**Q** 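Once you've had a glance at the structure underneath, I'll fire off some questions.
This is a predicted model, so every value here is computed, not measured.
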Amino acid sequence: MRCHSLVVIAAALLCAWGVGGCTRLSRPAAPILVRVPVEKPMDLPAALTQDCPIARPADRSVQQVVAAYNANIVSLEHCNRQLQSLRALQAETIER
């Protein structure tokens, strides 16, 4: 019985001091409005997003393989120019 009395007294003291939360009610904080700038994606020119052609030899003769290799070099150079143009457009967007 004595232990029960000590617990009741301790609970009463905590409520009296406000530590137990008995004396005050806290309201939830109002949400904070956060504005985030959203960049609009830029429309890319269709010429820059076209797939690059891949040359494949019709048969496995040395002449056909060399011709396909040379055609692929031209295609890769074209793709590199397209990527360079895209990087230039991206740099313009960042500078704005």
**Q** With hydrophobic residues grouped by side-chain heavy-atom distances under 4.5 Å, do Leu83 and Leu89 end up in a single group?
**A**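 Leu83 and Leu89: one cluster.
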**Q** Should we say atom CG of Asp51 is surrounded by more than 12 heavy atoms from elsewhere, each under 6.0 Å from it?
**A**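 12 or below, so no.
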**Q** Does atom CD (Gln84) have a neighbourhood of more than 12 heavy atoms from anything else shown, all under 6.0 Å?
**A**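 Not buried by this count: 12 neighbours or fewer within 6.0 Å.
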**Q** Is the side chain of Ser75 donor-acceptor paired with the backbone N or O of Pro53 at a distance under 3.5 Å, no angle test?
**A**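 Judged by distance alone, yes, a pair lies under 3.5 Å.
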**Q** Mind listing the closest non-hydrogen atom pair of Ala58 and Gln64 along with its distance?
**A**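 For Ala58 versus Gln64, the nearest heavy atoms are N-OE1, 3.9 Å.
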**Q** Show the numbers, then the answer: is there a side-chain contact (heavy atoms from CB on, under 4.5 Å) between Glu77 and Arg81?
**A** CA-CA 6 Å; Glu77 289 172 347; Arg81 283 192 300 273; 4.0 Å; yes
**Q** If we ignore hydrogens and angles and just use 3.5 Å, is the side chain of Gln82 paired with the main-chain N or O of Thr49 as donor and acceptor?
**A**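 Checking the backbone N and O of Thr49 against the side chain of Gln82, no donor-acceptor pair under 3.5 Å is found.
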**Q** If I compare all heavy atoms of Asn72 with all of Ala55, which pair ends up nearest, and what's the gap?
**A**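 Nearest heavy atoms, Asn72 then Ala55: OD1-N, 2.8 Å.
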**Q** Search all heavy atoms of Gln50 against all heavy atoms of Ala46 and return the closest pair with its distance.
**A**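 Heavy-atom minimum between the residues: CG-O, 3.2 Å.
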